[in-house]
Amino acid sequence: MNLTYKLLSAHLVSGELEPGAEIALKIDQTLTQDATGTMAYLQFERMGAERVKTELSVSYVDHNTVQVGFENADDHAYLQSVAKKFGIVFSRPGNGICHQLHLERFGKPGRTLIGSDSHTPTGGGIGMLAMGAGGLDVAVAMAGGPYYITAPRVVRVWLTGALRPGVSAKDVILAVLAKYGSSGNVGRVMEYAGPGVASLDVPSRATITNMGTELGVTTSVFPSDDETRRFLAAQGREQDWVPLAADPDADYEETFELDLAKVEPMAACPHNPGNVATIASLAGKKVNQVLVGSCTNSSYRDLKTVALLLAGRKIHPEVSFGVAPGSRQVVLELMREGLFQNLVEAGARILENACGFCIGNHQSPGTNAVSLRTSNRNFEGRSGTKSAQVYLVSPESAVAAALTGVVTDPTAAETVAPVRFPDRFGIDDSMFLYRETAGVGVPDATIARGPNIGEVPDGAPLPASLPAQVAIKVGDKITTDHIMPAGARLKFRSNVPVYAKYVFEPVDPTFHDRCLANKAAGIGNVIVAGESYGQGSSREHAALCPMYLGVRAVLAKTIERIHAANLVNFGIVPFLFEDPADYDALEAGDELVLPDLAAAVAGSGEATVEVKRTGRSFKVRATLTDRQKAILLAGGLMAQRKADSRAVP
Ligand code: MIC
Ligand code: SF4
């Protein structure tokens, strides 16, 4: 067996462990962050559980920490009170980024983890089966329910050799993205193996599994070996270590061989993480902004490398250089070693230990600016500036550009010896609250609800036949950032009617009004999309808010995994075109009828779409399990649970 299937079989609740089949998994640990967490906990509250049923659930606050207006702080207070009541560990704002913190303090090899954040696979760096999910799926897991996925096909990435000075883990994952692209990998897991694995420390492995998300895979995983043990020992958690690896004769869908010694410094070019080029091919390009941080590259290893490279140097006068550390532990360790001041002396703008710039809620670049970032996503406009050109690079490439003012090959610049983490990190868990009541909770604790914290809207049962309109037609690789923008709009995450005003704002700001008018007239809204619809963030608001606006179906060429699951959870049917030519024939505004919608969903999944303008009809298909059919027919998972609870006295 490969490692992935070993982890799956140890957690299998039901289903056949055959690639392509739906399986239910027991979830040991969950994590949430504030931007998706409020909705997840509102849903969890509605489920009526008295406390969390997992081994460990942690609620992090790292996304909305800019706090312009009262909304973010109210959300933090809500999350803190929910954590106390239901037995969840609460990570206070300022403690750091969820994935970095979870790796440092809680992740355990061999355990399952789901998180309401698409970069949860970071945990794969220590041999966890860690997956991103919609908030509602995390709520179900916290209430003791299983998590459903399609049993994956497993690709083996066979690593040999060792990285050259100036080349690091970010370049490795960019090389994997160059090979596999950012779409077409739904249902896959990337499993790393081979003699090169031992040369990568845990933070480097975590960079690779973190950004593996951009491939669109279910997750990525590394074996748990002596290096993993060393990392856990440095965190004072050696007892959490277990050795894990694939059997020598394990089966894989395919093997990709990568000689680490041949990996070159790389960059993901605007506007997609899959748009990869070598740094050498971009050398000399003028750079306006450089930002180091995000859950991909904000570890002790990364920031110490940056601090050493900057020693005694100054940032180029035309570059704005910011650093957002991944955790307090990283900051304290660099301070202890006297290295944090290298950053300040060089002219860095020290940012909060949080997502910050990565989610576009501050540090937006100027008009047409070139921004080099160590983060994992460069979707158009995500930085807050539509015309900005964002390149994703390693910390080494970031420093090289920050010093020279132009894209510079770090292997041609001065390099430093590989950073090794200390035998023992300084450990201070004081910003994790409610550890002593974890799993138990304080049942009589009061929940703090500010005025911006709304209700979770209910879905309505799927109609037998649906008169509908193509409310929008979009192209390929539409991300959840296009559908439900973050940045300045993030503060409305807890208030669906308000946040819904911004659905598709960057693509077509009239979408909201049109949808509500249709909804009032009894006409369903349909989204027509190309390949890889819903890539990127796990935010379930990209399904929940469209549901609120009366969207009943998506007709797409392909849909990404987490978004497809979210659509089902919110009662929106994820149809695929049987003939992609039918996509071309549709126009925005087309009036449609789906005459057999409910019967199709209940039956084979094949539905008819009649187009008034052309008089033609065509077929679309949703591949659904019985579980998903029942959810869709009820109008979503919450509606289904409500109906079930009425049915059971
Ligand atoms: C992201 O990187 O896009 C986010 C913001 O972390 C999201 C979650 C969210 O939208 O709240 C993710 O990756 O799932
Ligand atoms: Fe935060 Fe960025 Fe990581 Fe998302 S990708 S969790 S916004 S740091």
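For ligands, and for the atoms within them, numbers begin at 1 and follow the listed sequence. Computed from a prediction, not measured in an experiment: that's the story for all the values here. Numbering starts at 1 and runs along the sequence shown.
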Has Cys295 got an N/O/S atom less than 2.8 Å from atom 1 (Fe) of ligand 2?
-> no

Before signing off on this row, confirm whether Arg377 and ligand 1 have an N or O atom pair separated by under 3.5 Å.
-> yes

Nearest-neighbour protein heavy atom for atom 10 (O) of ligand 1, which is reported as residue plus atom name and distance | Arg539 NE, 2.7 Å

Nearest non-hydrogen protein atom to atom 7 (C) of ligand 1, with distance, is Ser537 OG, 3.1 Å

Per-residue contact class, His541 against ligand 1 - non-hydrogen pairs under 4.0 Å | neither

So for Ile359 against ligand 1, with non-hydrogen atoms under 4.0 Å, the contacting part is side chain

Under 4.0 Å from one or more heavy atoms of Thr36, ligand 1 contributes atoms 9 (C), 11 (O)

Among Phe425, Phe340, Phe231, Phe421, the one residue meeting ring pair (Phe, Tyr, Trp, His ring centres under 6.0 Å) with Tyr300 = Phe425

Flag the pair Lys108 and Asp28 as a salt bridge only when some basic side-chain nitrogen lies within less than 4.0 angstrom of an acidic carboxylate oxygen.
-> no

What class does the angle between the rings of Tyr41 and Phe44 fall in, given that below 30° is parallel, 30 to 60° is tilted and above 60° is perpendicular?
-> perpendicular

Quick check: does any side chain N or O of Asn185 sit under 3.5 Å from a backbone N or O of Val217, one acting as donor and the other as acceptor?
-> no

Atoms in ligand 2 flagged as close to Ile359, the criterion being non-hydrogen separation under 4.0 Å = 7 (S)

Under a heavy-atom criterion of less than 4.0 Å, does His99 contact ligand 2?
-> yes

Among Arg493, His63, Glu540, Arg382, which residue places a heavy atom closest to atom 11 (O) of ligand 1?
-> Arg493

His512 versus Lys501, closest heavy-atom pair with distance = CD2-CA, 3.4 Å

